[in-house]
Each structure stands twice: as C-alpha cells, then as structure tokens.
Visitor: 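Got a structure for you, questions after.
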Amino acid sequence: MERGLRLTGAEVLGPAGIAAADVILRAGRFSAQIDAQDHNLRLDGLWLLPGIVDLHGDGFERHLAPRRGMVSDLGHSLRPVEAELAQNGITTAWAAQFWSWEGGMRGPAFATRFAKALSGACDWLRLDLRMQLRVEAHMIEDGDAIRELVSAHGIDYLVINDHLPHR
C-alpha cells in the first residue's frame, strides 16, 4: 500500500455535521484504510472544511487590469487571483471570460491571451482554476475560432450570452 497523509485531531465537517475524525489522503483521494507507514499531521484545535467551488467568478478581472486600460502580464496576474481565492476558501473556480464584440478585455483576442496564460500557469497553480468562456450568441462567424480555443485549452464550461438590446 502507498504511503498516505493522516490528518488527526481536527474537527471535520462532513455529511453529519462537524465532529472529531481522522482523514487519510492517499494519492489525491480520501481513504478509510489506515497504514502504520502513513505520515501523521496533527491538526489539534483546527477545523477541516471542504473547499468552496466558484462556478462563475469575475472578481479576477481587477488583478488582470489593476487600472482601467492597463493590462499587466496575465501569467503573473494569476498569482494574486489564486491567493484571493484561497484566502476565501475557494479551491475550484471558473474565471468567467467574455468572447464578445465589445473588444478590450471582453474581446476574442483577450480571451485567447487569457486562455494561454491560464494554460501556462497550470504548472504552478495549487488551486483548480479554470476558464468559463462566455460567448455572445450573435458571434456566429467566430464558431471555428471558438471551437479551436475550447479544444486547445481544455475549456470545459461554455456560456452563451445575448447582451443585444431587445424591444
């Protein structure tokens, strides 16, 4: 059996509420089997809580462009995004990025830059940070480019928007 990490002494939030329990992690999954070879980490006085999943985050934009019109290095900007998510208990997040005729940070060129930066950051990211692509419904001519972006960067969440004024 492979060595795991045994977390002991914490109050653990589970389906029945919060209670004292040991948690064993083995190769990225929970395990019920305790092995004498497991590493032991005491968490006395702490709570062990599940992470929060953010399905539609757009608070990350201020890290990408700290001032209006000034977009920084997108790869480096993901570090404070990850830090902010982590300090709020979010362990899995989809950053909502537009593919729109509006241009700028909502245009196709920026969406492509962001997807590339996020793909490049996967080597050092500790959280599960993904991209939600928010495509404007009327950008039909961009279908091939959108499919290519989704395929090239493993985008697994696509939203179709309609922000045109309707009477």
Side-chain angles (χ1 to χ4, degrees), residues 4-5 7 10 12-15 23 25-31 41 43 46-167:
L5 177 62
L7 308 174
V12 179
L13 179 60
V23 175
L25 301 173
R26 196 173 313 299
R29 66 184 191 288
F30 293 106
S31 175
L41 179 60
L43 300 176
L46 300 177
W47 288 355
L48 189 57
L49 307 171
I52 298 168
V53 176
D54 182 356
L55 295 172
H56 174 89
D58 56 10
F60 72 98
E61 293 171 338
R62 69 179 167 275
H63 295 293
L64 305 182
R67 289 184 298 282
R68 185 171 176 85
M70 187 204 139
V71 177
S72 59
D73 178 304
L74 297 183
H76 286 98
S77 296
L78 291 172
R79 290 186 189 277
V81 170
E82 183 179 47
E84 182 177 339
L85 291 168
Q87 77 186 66
N88 286 289
I90 298 170
T91 56
T92 301
W94 278 266
Q97 176 59 52
F98 279 89
W99 182 287
S100 170
W101 62 81
E102 296 172 83
M105 288 183 69
R106 291 183 167 217
F110 191 85
T112 302
R113 278 184 59 204
F114 181 71
K116 288 178 182 177
L118 188 56
S119 291
C122 288
D123 294 341
W124 56 263
L125 280 171
R126 300 242 194 295
L127 300 182
D128 185 6
L129 182 56
R130 304 174 188 198
M131 180 174 163
Q132 175 196 90
L133 188 60
R134 300 179 57 78
V135 176
E136 287 295 334
H138 297 84
M139 298 196 66
I140 297 166
E141 296 83 23
D142 288 4
D144 289 338
I146 293 165
R147 273 189 296 279
E148 184 178 315
L149 184 72
V150 166
S151 176
H153 298 285
I155 297 170
D156 59 357
Y157 193 171
L158 184 72
V159 175
I160 307 298
N161 288 324
D162 181 359
H163 286 117
L164 289 178
H166 298 276
R167 293 182 188 187

Visitor: If you measure only the distance, is there a donor-acceptor pair under 3.5 Å linking the side chains of Asp142 and Trp99?
Guide: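 Asp142 vs Trp99: donor-acceptor pair found between side chains.
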
Visitor: Between the main-chain N or O of Leu127 and the side-chain N or O of Thr91, is there a donor-acceptor pair closer than 3.5 Å?
Guide: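 No, because the side chain of Thr91 does not come within donor-acceptor range (under 3.5 Å) of the backbone of Leu127.
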
Visitor: Check whether Asn88 reaches the backbone of Ile90 with its side chain - one donor and one acceptor, N or O, closer than 3.5 Å.
Guide: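 Pair absent, no side-chain N/O of Asn88 close to backbone of Ile90.
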
Visitor: Evaluate whether atom CH2 of Trp124 has more than 12 neighbouring non-hydrogen atoms of other residues, nucleotides or ligands under 6.0 angstrom away.
Guide: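 Count over threshold, so yes.
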
Visitor: So, does Gln132 use its side chain to make a donor-acceptor pair with the main chain of Leu55 at under 3.5 Å?
Guide: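 Flag set: sc Gln132 to bb Leu55 pair under 3.5 Å.
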
Visitor: To the nearest 0.5 Å, what is the distance between CZ (Arg79) and CZ (Arg126)?
Guide: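 Answer rounded to 0.5 Å: 9.0 Å.
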
Visitor: Between His153 and Ser119, is a side-chain hydrogen bond (donor to acceptor under 3.5 Å, both in side chains) present by the stated rule, with each step listed?
Guide: CA-CA 6 Å; His153 298 285; Ser119 291; 2.7 Å; yes

Visitor: Is there a donor-acceptor pair under 3.5 Å between the side chain of Glu102 and the backbone N or O of Gly107?
Guide: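 Pair absent, no side-chain N/O of Glu102 close to backbone of Gly107.
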
Visitor: May I ask you to check whether over 12 heavy atoms, not counting those of His163, lie within 6.0 Å of atom NE2?
Guide: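 Yes, because the 6.0 Å sphere around NE2 of His163 holds more than 12 heavy atoms from other groups.
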
Visitor: Below 4.0 angstrom, N of the basic side chain to O of the carboxylate: do Arg106 and Glu61 qualify?
Guide: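 So Arg106 does not pair with Glu61 through a salt bridge.
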
Visitor: Donor-acceptor pair, Glu82 side chain versus Leu129 backbone, under 3.5 Å?
Guide: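 No; zero donor-acceptor contacts below 3.5 Å.
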
Visitor: Mind telling me whether His166 and His138 have parallel, tilted or perpendicular rings, with 30° and 60° as the class edges?
Guide: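 Because their plane-to-plane angle lies in the 30° to 60° range, the rings of His138 and His166 count as tilted.
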
Visitor: Is there a donor-acceptor pair under 3.5 Å between the side chain of Ser77 and the backbone N or O of Asp73?
Guide: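 Present.
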
